[in-house]
2 protein chains.
Amino acid sequence: MEQPPKAPEGTAADLIRAGLHLFGQKGFAATSTREIAASAGTNVASIAYHFGGKDGLRQACGAEVVRQIGAVLGAIDAPAAKSADAAAAQLELMLRTMVRFLVTPGDADSLIPFMLREVTEDGPILDAVYSAMFEPMHRRFCALWSAATGQEADSARTRLTVFSLIGQVLYFRIGRPIVSRRMNWSSPGRAEADEVAELLVANLRSILERERLT
Amino acid sequence: MEQPPKAPEGTAADLIRAGLHLFGQKGFAATSTREIAASAGTNVASIAYHFGGKDGLRQACGAEVVRQIGAVLGAIDAPAAKSADAAAAQLELMLRTMVRFLVTPGDADSLIPFMLREVTEDGPILDAVYSAMFEPMHRRFCALWSAATGQEADSARTRLTVFSLIGQVLYFRIGRPIVSRRMNWSSPGRAEADEVAELLVANLRSILERERLT
DNA sequence: GCAATTCAATCAATCGTTTGATTAAATCAC
DNA sequence: GTGATTTAATCAAACGATTGATTGAATTGC
């Protein structure tokens, strides 16, 4: 039986929280260990004690991202859809969940900037997060797409189409500073997230209808 | 008459080139002035002499991005499309151009990581680049969309739809490390870019058909 | 009492910037 | 035209500040 990794607690957890926030906001190199310690309400030496050093804390932050996202993902882990329509409905639900999670300010505010930086860095953290998170998530999406359209689940076309669907969602988070300016959003809330979600679901339906093998 | 801003030359240009490359690759804070100077084949003091300091070089890099992208954009600046079909064709062309420019390795290799970091940073550089580049580009896209569908050009729906189209393209660049892993691309070349372009054009057509007011 | 943590203090290394000297080209006075 | 002077540009060297890491003592929880 697969045990869910335990959540850190105490000073270690405080340091990870501070690290996720500051690394995501200012970048790894631009964040000093003293700043992290101050934000966590502890001493600099705690970083070396708990994680072996600044790089160790970075790794721990990556693991914490995997853990948290895994918890959210595991909650909506549904059994394989029986019919094409059920699969399509499940795709829509996943899309809405993603949009709400990504666009609405909340828990993800620390996770996403951190991960975004790790992706552009393309370092060792990304390797771990990719195989633990991105790939399984993408595979599940592809399987649903296959069930909904009748297309091959691991054809290049299917994989790219799924990326194009995910890309639509992610851009509204990654490019949030730009989108907010253009839309005159001071800060995207629930209403704005729903507006985006409705549009992206409509896009999903249009693309899905085209790809569907009748 | 609007004069195109002149391209820097000499040591200043070398420093900007090195700055774009290193800032984009490792981040602003993680790049030392000595490293930049060495990469540009000059002395550290040149940075302060030409740009007033490290921050000045960062600004100059932002201006250079605007200049280069502006040059590419100005070249394909077409007159307003006459018919809906012509507008749709022009949208497809712009999409293909964007995909090829973004996905294929080349000149944009330094520009995009740099801009991506500036966007996540949401600093003063982004303000300048947004009004000089992102907004005009987005407006033109919206106008074309309006001409192709009959929708209102500056409705929230239109603006969001255009973002969703741009998002599809950008994700294939931003998430390139992830996409490449999943697609087993060692490095995306012309063939891969065309494959992506064809898919995204097909998506464009599907969405456009739905939004078209008959 | 003892092991686990946290602390203030300190370390060498590196950071961005400044300095004064040096060079070659441009400008000036005549 | 020509020698004197100024300017633009680059350089090695050094500046104070800050970095991540380490140390040994103090503190905590049991």
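So you know, we letter chains A, B, ... as the sequences are listed, proteins then strands, and number each from 1. Just so you know, these numbers use all the heavy atoms, side chains as well, and skip hydrogens, waters and symmetry mates.
- Less than 4.0 Å separates DNA chain D from at least one heavy atom of each of the following residues of residues 31-39 of chain A: A:Thr31, A:Ser32, A:Thr33, A:Arg34.
- The interatomic distance linking B:Ile47 (CD1) with C:dG16 (C1') rounds to 9 Å, in whole Å.
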Polar atom pairs between nucleotides 21-27 of chain C and protein, under 3.5 Å, N or O only, would you list them?
none

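- The side-chain hydrogen bond (donor to acceptor under 3.5 Å, both in side chains) search around A:Lys54 returns none, not counting sequence neighbours.
- Sorted by first and then second residue, the ring pair (Phe, Tyr, Trp, His ring centres under 6.0 Å) pairs with a member in residues 16-65 of chain B read B:Phe23-B:Phe28; sequence neighbours excluded.
- Contact annotation: B:Ser46 side-chain N/O to D:dA9 OP1/OP2 distance is not under 4.0 Å.
- In this model, no donor atom of one side chain and acceptor atom of the other lie less than 3.5 Å apart for B:Thr161 and B:Ser164.
- Rounding to whole angstrom units, OH of residue B:Tyr49 and P of C:dT19 are separated by 16 Å.
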Quiz item: What one-letter contact string describes nucleotides 22-30 of chain D from 5' to 3', where B marks a base within less than 4.0 Å of any protein heavy atom, S marks contact via sugar-phosphate atoms alone, and - marks no contact?
Solution: BB-------
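- A:Lys54 places its NZ atom 8 Å from the C1' atom of D:dT19, with the value rounded to the nearest Å.
- Salt bridge A:Glu211/A:Arg157: present, at least one basic N to carboxylate O contact under 4.0 Å.
- For the pair B:Glu118 and B:Arg58, the salt-bridge criterion is met [side-chain N within less than 4.0 Å of a carboxylate O].
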Exercise. Could you walk me through whether B:Asp122 and A:Arg181 pass salt bridge (Lys or Arg N to Asp or Glu O under 4.0 Å), step by step?
Key: CA-CA 11 Å; B:Asp122 199 6; A:Arg181 277 178 174 79; 3.4 Å; yes
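- One atom, CZ of A:Phe23, and another, P of D:dG20, lie 9 Å apart when rounded to the nearest Å.
- When rounded to the nearest whole Å, the span between CG of A:Leu15 and P of C:dC7 equals 10 Å.
- Between the P atom of C:dC7 and the CG atom of A:Asp14 lies a distance of 11 Å, rounded to the nearest Å.
- Between A:Arg58 atom CZ and D:dA21 atom C1' the separation is 18 Å, expressed in whole Å.
- The side chain of A:Thr11 places an N or O atom within less than 4.0 Å of a non-bridging phosphate oxygen (OP1 or OP2) of C:dT6.
- OP1 or OP2 of D:dT10 sits under 4.0 Å from a side-chain N or O of B:His50.
- In this structure A:Glu195 satisfies the salt bridge (charged side-chain N to carboxylate O under 4.0 Å, His left out) test with no other residue, sequence neighbours excluded.
- Aromatic ring orientation, B:Phe172 versus A:Phe163: perpendicular (interplanar angle above 60°, classes split at 30° and 60°).
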